[in-house]
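Below is one structure; the comments refer to it alone.
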Amino acid sequence: MEKKEIAKSYDFKEFEDIIYHQWETSGYFNPDNLSGEPYTIMMPPPNVTGVLHLGHALENSLMDVMARYQRLLGKKVLLVPGTDHAAIATQAKVEKMLMAGGITNPRAELGREGLLIKVREYAEQSKATIISQIRKMGTSCDWSRLAYTFDEVRSKAVNEVFVRMYNDGLIYRGYRVVNWSVIGQSTCSDDELNHVDREAKLYTFKYSQDFPITIATTRPETKLGDTAVAVHPADERYQRFIGQTFTVDVGAATPLEIKIIADESVDPKFGTGALGVTPAHSMVDYEMYVKQKTLGTPIGMVAVIDQFGKMTEAAGQEYTGLSVLVAREKFVGWLKEQGLLIAEEDITQSVGTSDRFGDVVESLPMTQWFVDVNKPIPGKDKNIKELLIEVLAIGHNGDAGQKIEVTPTRYEKIYFNWINQLRDWCISRQIWWGHRIPVWYRGGEQYCGLTAPEGEGWQQDEDTLDTWFSSGMWTFSTLGWSGFEFDKTNDLKTFHPTSWMQMGYEIFFLWMIRMILMSLYTLNEIPFKQVYIHGMLRDASGKKFSKSSGNNIDPLEVVAQYGTDALRFSLLNGVTPGNDSRFYLEKVEAGRNLVNKLWNIARYITSSGLSKVDILSISPETLSAADCWILHQAAKTILQVSRDMEACRFSQACETLRQFTWDDLADWYLEASKFEKSEAKQIILQRILSDLLILWHPFMPFVTEAIWQEMLLQKDLIISQWPNIDDYKQFIVDEKAAQFELAKVIIIAIRNARSEHRVEPSRKLEAIIHATENKDVIINQLEIITALRTGLGKVEFSEKTEKVENAILVSIGSIEIYLIGAIDAEKEKVRLEKDLAAIIKRKDLLSIKLSNQEFIAKAPAAIIAIEQQKLAVLRNEQSQIEAQLSSL
RNA sequence: GGACGAUUAGCUCAGUUGGUUAGAGCGCUACAUUGACAUUGUAGAGGUCAGAGGUUCGAAUCCUCUAUCGUCCACCA
């Protein structure tokens, strides 16, 4: 057979783009061309705010590892790629760029349509970049199903769900206190806030000389809108005032009516133990306001700050139009003049800032749209909160088959904790980039529908929806769901609920909860069966990657230098679910070295031509100890890796594979095969290589595919079959495999001894165990120890063997070791005698090691059996769930 | 204040549900070198598994407490 010259090292540049193109055109990324049980993963859609970073590279690696593994198991795998329009994030980014370009107020100068054109241009450009980057990572996604949260199908789905929820009374419009970004001119949800510590002054004062209670505040200007003072109900100092109302004039438009109320949440030990209540400008105070209202003892609400961060007329003539900071000084000045200010103290305060715009958010009462999480869903007699708890606790409607599993499980605890404090979700945003709220107004009329109502004079709501409203629908909007008539698309029936979802813990609640909520509400199905939480990537010193710290690394640059496989390996190896990991180039280098090692193993194995005979045609009796051992190691590896993959222990799987590839295969078996050549060895090597490529393929798709095609001359690695150990089983003979383990120990001991005696080792001193054939060999460690100690009868030397030149045969017990590569056999013999003498001196070490061998000697078949059982358990559990699901 | 992590070799981290002698990668030291591979090979040094108690035949692993670091949530009016 004619063979072409294979390069000495793997050149990824020569293969990656070509191979990706092959995959794409092969059609195997598209499950329509595959058969088997469906397996679905929806790519968490990257925001169209720019280019992909290493975090995305990690996500792509994770989802692709799983997708490729499942495909090799023979499943109909769907991995849907997509992008997210990321409402606020994208608009904020474009506005910043426009402002940097000289447009001081983009919204005012460009208008709604004008600004949207700019944002759209930017988004489209980002999308193109992102998509090319995903390709570069080797992600095996179905490009024919590419989705975008803001495209036509997805937008239709958004409107459809909004209208349904509106009609079910789950979406309502209300006047409530919300987080407001003055710079962004928009609301922010609680989850979009970052809490930062800053210096503040705590002022202690009284509203008036005759007011009985002293209060403290860091926001004196808001006190112009106070309507109550709250104290702890058990606080003896203030109990007698509870229920009373005082009228005080602090300069606001109308004198303040301050009612003394009792509230458990007041800490009697903090400050004066009394709290001035400003319902309009504090979330906590607003909640007291609501509580008082339900109790039938309402208090007032006065907004003194407007949406531009300026004081309103309600704050009084002197304050109207002032910024909050100026108003604060003015009010403090007034308190001083009046002798009402009692103390002023520096404290550190934690304030909420807008995630996207960076300014400190104001709490303002506004009319906004909300999703009610406490109202029972019509026809389900459970509210959203209860549903959210149910799916993780016992499964949807108590069905264990509809239970969501989270890896690692500790996140489940955090989830429940979080759901308990879930408040109504504010879904309206005062920005323009996003799905516009499908509600129209005319006079006092309000209409909600998919399209504008008939008739003149209807005005659509100006606001857009929170970006998570659309990404919450991602698991099914990507499958073409967009309303009643599409409810039962084939894709939806086949691929939903999806099988596996992975996300970073930083968006665990933000996104996961919304996906569950949307899917349960819309389809009455869980969105996914398993969630895998990954940690954040940090730089070598443990810092977060960010633009501001200038430590950003472009994944494409790493790929250009080391190749995609090396990068993927470095991202997956040494990383455990839910934990942060550090990224540094040495790790990528290690990956590259491994990739190259694999390439060279393959090069060596295939260099003498390919055998056409299959492993099954070998008769087990003809195998040497080394053959038997490597087949056993291979079988064990296959089982362990399979188990690790089932349990999402990707790092562990990498480690197991690396160990087998480098230590077992390259360093021992391949070396042994150099001087114990046999036809069987070639067949075994070829078979192991072939299976090894399949095992590695999810982690390093390119190099495995390159070897598969270039050296094994085969096609379609991507849909080949995950190795099965049944073919290996018949070759696993405990005694033989154990003999090789034992030989390894002896060889290492000899090497040690050489090294201790500073004996120059001959060039390439290698050794191999040769099982005595046609004899029942029983490993008797005592026999061996005795032989080594005494150097008597059973240790023999011979000058040469028939098979290899310059080799010395040493027989120890029933084991024969060939020491290979000796230049001078006579000299070598003398050395070896010395070495053996040294070993005998170190008998403690040796005997310990040999006693360890005793364990291994019994193990091989038993280990295989145990591993196989464990894997079966893992897979069985899953197939039981599948069975339950399909029976519904 | 509440919750959740982490603490293992010089560095970065594994450790599969308690099991014989605690592992890997990188780094370091010594040695080797023409045919699979220097993106290499062989060997070596290096650990009181944060600390203290407890459970157990047996603990890095389970329980309690302490210390240090980190993250999230709530919050200081």
Side-chain angles (χ1 to χ4, degrees), chain A residues 6 8-10 190-191 195 200 202-204 215-219 222-223 229-230 265-267 269-278 282-285 347-350 408 410-411 413-414 416-418 420-421 505-506 508-509 535-536 540 542 562 566 570 573-576 578-587 589-608 640 643-644 647 649 651-652 654-656 658-659 662-663 666-667 670-671 674 747-748 751-752 754-756 758 760-766 845 848-849 851-852 854-855 867 870 874:
Chain A
I6 304 288
K8 280 180 84 168
S9 56
Y10 171 62
D190 295 340
D191 320 315
H195 290 274
L202 181 67
Y203 302 93
T204 308
I215 59 165
T217 184
T218 53
R219 297 287 308 269
T222 64
K223 300 292 107 182
V229 165
S265 67
V266 178
D267 176 6
K269 290 190 198 83
F270 187 88
T272 60
L275 150 69
V277 181
T278 324
S282 154
M283 282 292 179
V284 181
D285 295 5
I347 59 160
T348 311
Q349 185 192 25
S350 161
R410 67 183 139 94
Y411 279 93
K413 271 187 258 176
I414 305 174
F416 291 127
N417 196 7
W418 208 83
N420 282 329
Q421 342 177 325
Y505 60 71
E506 74 277 9
F508 179 54
F509 307 114
M536 253 183 356
Y562 297 98
S570 73
N573 191 32
V575 177
T576 39
N579 292 335
D580 291 351
S581 61
R582 298 188 190 198
F583 181 87
Y584 41 94
L585 290 180
E586 285 85 349
K587 238 173 166 173
E589 260 175 54
R592 179 203 54 188
N593 295 352
L594 177 61
V595 166
N596 192 55
K597 190 75 185 178
L598 191 60
W599 175 266
N600 273 295
I601 287 170
R603 195 159 84 102
Y604 178 69
I605 292 176
T606 58
S607 60
S608 51
Q640 274 177 359
R643 277 180 56 209
D644 291 336
R649 289 190 298 254
S651 177
Q652 194 66 41
C654 274
E655 193 45 43
T656 307
R658 202 205 60 81
Q659 160 103 28
W662 206 309
D663 299 347
D667 289 349
L670 234 47
E671 290 302 328
K674 283 178 183 171
I747 289 162
I748 288 167
R751 285 173 182 165
N752 286 351
R754 282 178 172 279
S755 151
E756 262 188 16
R758 299 176 188 279
E760 281 291 306
S762 60
R763 199 178 127 252
K764 281 223 169 173
L765 173 74
E766 290 303 341
L845 175 75
I848 291 167
K849 286 198 171 177
S851 76
N852 188 32
E854 184 191 19
F855 175 66
E867 296 283 334
K870 284 179 178 170
L874 269 170

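These numbers come from the heavy atoms of this one structure, side chains and all, not from hydrogens, waters or symmetry mates. Throughout, protein chains are lettered first and strands after them, A, B, ... in sequence-line order, and every chain is numbered starting at 1.
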Problem set entry | Spatial distance of atom CG (A/Asn593) from atom CG (A/Asn600) [nearest 0.5 Å] | 11.0 Å
Seminar exercise, completed: Of B/C72, B/A36, B/C75, the nucleotide closest to the side chain of A/Ile601 is B/A36
Exercise. Are the side chain of A/Thr576 and the backbone of A/Asn579 linked by a donor-acceptor contact shorter than 3.5 Å?
Worked result: no
Problem set entry | Distance in Å, A/Leu202 CG paired with A/Thr217 OG1, rounded so as to fall on 0.5 Å steps | 7.5 Å
For this session: Fit a plane to each ring of A/Trp599 and A/Tyr10, take the angle between them on a 0 to 90° scale, and name the class: parallel (under 30°), tilted (30 to 60°) or perpendicular (over 60°).
Result: tilted
Exercise. Where the side chain of A/Asp667 is concerned, which of B/U16, B/U39, B/U42 is the nearest nucleotide?
Worked result: B/U42
Exercise. Contact class for A/Val284 vs. all strands (heavy atom < 4.0 Å): base, sugar-phosphate, or nothing?
Worked result: sugar-phosphate
Problem set entry | B/U68 versus B/G51 - spacing of their C1' atoms, nearest Å | 11 Å
Exercise. What distance separates A/Arg658 CZ from A/Asp663 CG, expressed to the nearest 0.5 Å?
Worked result: 5.5 Å
For this session: Could you check whether A/Ser651 gets within reach of a base, just the sugar-phosphate, or nothing at all, counting any heavy atom under 4.0 Å?
Result: nothing
For this session: Find the distance A/Asp580:CG to B/C69:C1' and express it as a whole number of Å.
Result: 13 Å
Exercise. Would one find a side-chain N or O of A/Arg603 under 4.0 angstrom from OP1 or OP2 of B/C37?
Worked result: yes
Exercise. Please give, in whole Å, the distance from B/C72 C1' to A/Met536 CE?
Worked result: 11 Å
Exercise. How many angstroms lie between atom NZ of A/Lys8 and atom CZ of A/Arg603, to the nearest 0.5 angstrom?
Worked result: 7.0 Å
Exercise. Toward the 5' end of RNA chain B, which comes first, A/Thr218 or A/Asn573, by nearest nucleotide?
Worked result: A/Asn573
Problem set entry | Phosphate OP1/OP2 of B/U39 contacted by A/Trp599 side-chain N/O (<4.0 Å) | no
Exercise. If you check the A/Tyr604 side chain, which of B/A36, B/A77, B/U16 turns out closest?
Worked result: B/A36
Exercise. For A/Arg219, what residues pass the salt bridge (charged side-chain N to carboxylate O under 4.0 Å, His left out) criterion, not counting sequence neighbours?
Worked result: A/Glu221, A/Glu362
For this session: Could you check how far CD of A/Glu586 sits from P of B/A24, rounded to whole Å?
Result: 19 Å
For this session: With the side chain counted from C-beta on, respond yes when A/Tyr505 and A/Asp580 share a heavy-atom pair under 4.5 Å apart, and no when they do not.
Result: yes
Problem set entry | Minimum-distance nucleotide (side-chain atoms of A/Thr217 versus B/A77, B/C37, B/U39) | B/A77
Exercise. Looking at the side chain of A/Thr576, which of B/A36, B/G25, B/G15 is the nearest nucleotide?
Worked result: B/G15
Problem set entry | Integer-rounded Å distance: B/U39 C1' and A/Lys587 NZ | 19 Å
For this session: Under 4.0 Å between any heavy atoms, over every strand shown, what does A/Leu202 touch: base, sugar-phosphate, or nothing? Just pick one.
Result: sugar-phosphate
Exercise. B/U40 C1' sits how many Å from A/Glu589 CD, rounded?
Worked result: 15 Å
Problem set entry | side-chain contact (heavy atoms from CB on, under 4.5 Å) evaluation trace for A/Val595 with A/Tyr562 | CA-CA 10 Å; A/Val595 166; A/Tyr562 297 98; over 6 Å; no
For this session: Could you tell me whether the side chain of A/Lys597 and the main chain of A/Trp662 form a donor-acceptor pair under 3.5 Å?
Result: no
Problem set entry | Nearest-neighbour nucleotide for the A/Gln652 side chain, B/G25, B/C37, B/G15 considered | B/G15
Seminar exercise, completed: Taking Watson-Crick and G-U wobble contacts under 3.5 angstrom, with | marking pairs to another strand and [ ] crossing pairs, the secondary structure of RNA chain B is written (((((((..((((.....[...)))).(((((.......))))).....(((((..]....))))))))))))....
Exercise. What interatomic distance, in whole Å, is found between C1' of B/A60 and the corresponding atom of B/C75?
Worked result: 37 Å
Exercise. Are the side chain of A/Thr606 and the backbone of A/Ala602 linked by a donor-acceptor contact shorter than 3.5 Å?
Worked result: yes
Exercise. Below 4.0 angstrom from OP1 or OP2 of B/G25, is there any side-chain N or O of A/Arg658?
Worked result: yes
Problem set entry | Distance in angstrom units between A/Ile605 CD1 and B/G35 C1', rounded | 16 Å
Exercise. Tell me: NZ of A/Lys597 to C1' of B/G25, nearest whole Å?
Worked result: 15 Å
For this session: May I ask you to say what A/Ser581 touches in the nucleic acid, namely base, sugar-phosphate or nothing, with a heavy-atom cut-off under 4.0 Å?
Result: nothing
Exercise. NA contact type, A/Ala666, heavy-atom cut-off 4.0 Å: base, sugar-phosphate, or nothing?
Worked result: base
For this session: Do nucleotides 4-11 of chain B as a string where each nucleotide becomes B, S or -: B if the base has a protein heavy atom under 4.0 Å, S if just the sugar-phosphate does, - if no protein is that close.
Result: SS------
Exercise. Checking all strands, does A/Ala274 fall into the base, sugar-phosphate, or nothing category for heavy-atom contacts under 4.0 angstrom?
Worked result: base
For this session: Could you check how far CD1 of A/Ile6 sits from P of B/G35, rounded to whole Å?
Result: 17 Å
Problem set entry | Contact nearer the 5' end of RNA chain B, comparing A/Arg592 with A/Asn600 | A/Asn600
